[in-house]
Amino acid sequence: MPILQVENIRKSFGQTLVLDDISFSMEPGEALSIIGSSGSGKTTLLRCLNFLERPDEGIIRVRDEVLLDAGKANKSDKASNQEIRRKRLHFGLVFQSFNLFPQYTALQNVTLAEELLAKEAPDWKENKTEKLKRIREHGMELLSEMGLSNRMDNYPHQLSGGQCQRVAIARALALRPDILCFDEPTSALDPELTGEVLRVIRGLAERSTTMIIVTHEMGFARDVADQVIFMDEGCICEQGDPREVFAHPKQERTKQFLARYHEN
Amino acid sequence: MSFAQQFPIVFNALNVGFLQTLKLFFVTLLGALPLGLLLALGEMSRDKILRALIKVLVWIIRGSPLMIQLLIVYYGPGLLASRITAEAAANNAFLAFIRSCRWSGGESGRFAAASFAFIINYACYFCEIFRGGIQGIPVGQEEAGLVLGMTGRQIFFKVKLLQMVKAILPPISNEIITLVKDTSLARIIVLEEVIWAGQAFLKGSHGISGAIWPLFFTAVYYLVANGLLTVGLAKLEKKLSYFR
């Protein structure tokens, strides 16, 4: 059974159609990379999945639950705000510009959301110390996996870009999302720092983390993904096994796009 | 009377005046900081009418001299009330209400009027500073909070607030230091603050007349107060320098 099904997503900003009839599905443990030139709608698609944008049309399903059916109006009342919050947690999002909270240490960045969530549980008061300890240990574990065990108490401004992005990945993993999304995770980094971030993402892929990766790193997109989508002007232009798509693109537009990358 | 004889008398009188200055200073801060935040939130709300009203208020208050505002606030209600006859008020609840809106007499009435004018005036300046501080926080901070399942409230208090405080501290410090000195404007409605107390020695106060040095000496009070404030605010700023 697919873990994620996206059907006929359409989204416009004013007169501009940014997503035009996007459909795809993913199996659990699969890594999907999305490539395409800037402005092709890749980021907007990720933002729709994370409820940062609301599609005008289409259905998003995680496992069998319909998270969003844009055809049904359910806007901005209090109950649906709570609903959106809960639904969001199926997804994690790693931003291009990290968006770490500057006033918190690396560890606090990772544990903050989990702590806030735990405080809402009815048994919070009785098991407070126990729970906080567990959340803290979980955060430390995640940061260690990211190779940052000696950086836990540093503030974001004391870390390099690559380290910041790894903290951000740990933070996104802390709430155990079903699907982890990356929005050009290395685009804001110096070339020499991209490697450490890509290595971490590769490690996640090896442990069968379900991931969607929007990226301009073509080699990485090809090697790490089980499926690749090439987007152009809001549409899915080509989609399939990455080795196929990269070696033998069928669409003229895909050929042009990849050719430009091979030149560089 | 020699200077040595004058000094203790003047010193005591100025202290009394400065107490009134400090009172006005603290009351203004206590009122204007929260009111400014409310105005800033109103200015960013989705309600177009509310936004427009606040913009007009801010324009009027920041666009006209505080001294005139003090005069209007203090004398305006009384002048208005005096135009309403007792008969007119008897038949109209609204007119009766306007007629009853007067500041009480004496120093307490003057202090209330001055506090009112200062709070509104400073709230408008704070409002713009707060708005800048809130809007200056990158939108990515809010989005990061949202995708982590935080509520709007949690994002404001746990993520944005401290960043905002850090960003607005320098401009707010500036306003606070200006406020210390601006309190002297209340002299125009004869609030008995430190300048008033100093000036009184020109025209005979406590048996001293024609002495101008007490008026000059009031500057020392402002300097000391602002010196202490500068040190305190710098400490606060330093405390928040652990992040960027």
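So that the names make sense, note that chain A is the first sequence line, chain B the second, and so on, each numbered from 1.
Contact record, B:Thr151 with A:Arg85: CG2-NH1, 3.1 Å, taken as the closest heavy-atom pair. Here the closest non-hydrogen pair linking B:Ala144 and A:Asn99 is CB-O, 3.6 Å.
Annotation: side chain of A:Phe101 is not in contact with side chain of B:Lys158 (no heavy-atom distance under 4.5 Å).
We find the CD-CG distance between B:Gln154 and A:Leu112 to be 8.0 Å, quoted to the nearest 0.5 Å. Remark: B:Tyr242 OH to A:His157 NE2 distance equals 10.5 Å, nearest 0.5 Å. Here CG of A:Leu93 is found 11.0 Å from CG of B:Leu146. Values are rounded to the nearest 0.5 Å.
No other option in A:Leu116, A:Asn50, A:Leu89 has as many heavy-atom pairs under 4.5 Å with chain B as A:Leu116. Chosen from B:Lys160, B:Met150, B:Lys166, the residue pairing most often with chain A at heavy-atom distances under 4.5 Å is B:Met150.
Atom NZ of B:Lys55 has more than 12 heavy atoms from other residues, nucleotides or ligands within 6.0 Å. Within 6.0 Å of CH2 in B:Trp59 there are 12 or fewer heavy atoms belonging to other residues, nucleotides or ligands. Within a 6.0 Å radius of CZ in B:Phe116, other residues, nucleotides and ligands contribute 12 heavy atoms or fewer. Residue B:Phe94 qualifies as open at atom CZ: its count of foreign heavy atoms under 6.0 Å is 12 or below.
Interface remark: A:Tyr104 contributes side-chain atoms only to the contact with chain B (heavy atom separation under 4.5 Å). Heavy-atom distances place no part of A:Arg86 under 4.5 Å from chain B, backbone and side chain included. Residue A:Glu120 touches chain B through its side chain alone, counting heavy-atom pairs closer than 4.5 Å.
With hydrogens and angles disregarded, no donor-acceptor distance shorter than 3.5 Å links the side chain of A:Gln103 to the backbone of B:Arg244.
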